[in-house]
Amino acid sequence: MDNFIWIRGEIIRQSQATVSVLSPMAQFGLNVFEGIRCYWNEDKGELYAFRLQEHLDRLMLSSRLVRLPSPYTPAQIESFMKAAIQANEFQADTAVRMTLFADGQGTWNTCEPVSLFIAPMVKFRTKLEKVPSLKACISSWERINDNTLPPRAKVGANYINGRYAHLQARHDGYDVPIFLGRDGKVAEGAGACLFMVRNGQLVTPPTTSSVLESITRDTLIVLARDAGMTVVERSVDRTELYLADEMFLCGSAAEIAPIVSVDGYLLGQGKPGAKSVSLLMAYLAVTSGETPAHPEWRTVVHCRA
Ligand code: PMP
């Protein structure tokens, strides 16, 4: 689909947007980005960006860490994003890629010029009748860490770590990898955070365990507590994953994606667990505004004329 995108102050067709092959973005993956989901509420005729402010804050955090200064404020970026979405007139669930990148023709240590593109595309939410059942493995690839390539910053080049692990997992017959960090403790998936249910508690590694400070992870901690579950953020051993009753990956893109086995150890009944599915339902209800709870998480970015 040749959608409209916002780039360097203009709204143009995606096929018309260009970046130099010599740009540090093209050569070295020097960019910081966000993947933001927007959920269409058919009854209200409104499209809600989910936790937009938190995504903009994280974009600024990443830009600061990698010293790729943003030429725009979060408020400006928000208005550009609305313009890009409205140009497409989508009345459907939408994913938005928002990327600040090293433009021009410098090297990997240049800090300017920095440009921005914002690319919306239709992407439907997980269907409750088609919830994934993922087979995971513990990756032999180690998660990048805070003193090498900090996972806290959402930098394009970081994703090559996920690529090694993901392609190895697929090659070996699994759906997804789970990373351990340098300390041997569980970190996250490739592009998503991880939760398990063990002894009735919902457990997730802390944000100091070589993970991205995931907005979905934070959301689920709140939603699980709202629902009366006990949530614990603590470091997690590999063998705990084999003994878990339920497990899922989470992220803006993944939403809640249940894992049913790890290295061949079947979890629970070997199908998506009850707590995982109920959290997915709560998540979709709150993102799409089907429940009035947490209105502070939804920003209207488009509505039916
Ligand atoms: N970890 C990594 C490495 C990711 O790329 C993502 C997706 N942004 C996540 C976790 C989940 O983060 P969020 O919930 O903010 O999308």
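As the structure lists them, so they are numbered: ligands from 1, and atoms in each ligand from 1. Keep in mind that this is a model prediction, so the values were computed, not measured.
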Below 4.5 Å, heavy atoms only, C-beta onward: do T216 and Y283 meet side chain to side chain?
yes
Under 3.5 Å, is there a donor-acceptor pair linking the side chains of D2 and S15?
yes
Is it true that atom CD of E112 has more than 12 heavy atoms of other residues, nucleotides or ligands lying nearer than 6.0 Å?
no
Is it true that, when you exclude M60 itself, more than 12 heavy atoms of the residues, nucleotides or ligands shown sit nearer than 6.0 Å to its CE?
yes
N/O donor-acceptor pairs under 3.5 Å from side chains in residues 252-259, not counting sequence neighbours:
residue: E255; atom: OE1; partner: T126; partner atom: N; Å: 2.8
residue: E255; atom: OE1; partner: T126; partner atom: OG1; Å: 2.5
residue: E255; atom: OE2; partner: R37; partner atom: NH2; Å: 3.0
residue: E255; atom: OE2; partner: Y39; partner atom: OH; Å: 2.6

Geometric cation-pi criterion R13 and F4, 6.0 Å radius, 45° cone
yes
Which protein N or O atoms sit under 3.5 Å from any N or O of ligand 1? Give each pair with its distance.
residue: ligand 1; atom: 1 (N); partner: E188; partner atom: OE1; Å: 2.6
residue: ligand 1; atom: 5 (O); partner: K154; partner atom: NZ; Å: 3.3
residue: ligand 1; atom: 5 (O); partner: Y159; partner atom: OH; Å: 2.4
residue: ligand 1; atom: 8 (N); partner: K154; partner atom: NZ; Å: 2.7
residue: ligand 1; atom: 12 (O); partner: S214; partner atom: OG; Å: 3.4
residue: ligand 1; atom: 14 (O); partner: S214; partner atom: OG; Å: 2.6
residue: ligand 1; atom: 14 (O); partner: I215; partner atom: N; Å: 3.3
residue: ligand 1; atom: 14 (O); partner: T216; partner atom: N; Å: 2.8
residue: ligand 1; atom: 14 (O); partner: T216; partner atom: OG1; Å: 2.5
residue: ligand 1; atom: 15 (O); partner: R58; partner atom: NH1; Å: 2.7
residue: ligand 1; atom: 15 (O); partner: R58; partner atom: NH2; Å: 3.0
residue: ligand 1; atom: 15 (O); partner: I215; partner atom: N; Å: 2.8
residue: ligand 1; atom: 16 (O); partner: S252; partner atom: N; Å: 2.8
residue: ligand 1; atom: 16 (O); partner: S252; partner atom: OG; Å: 2.6

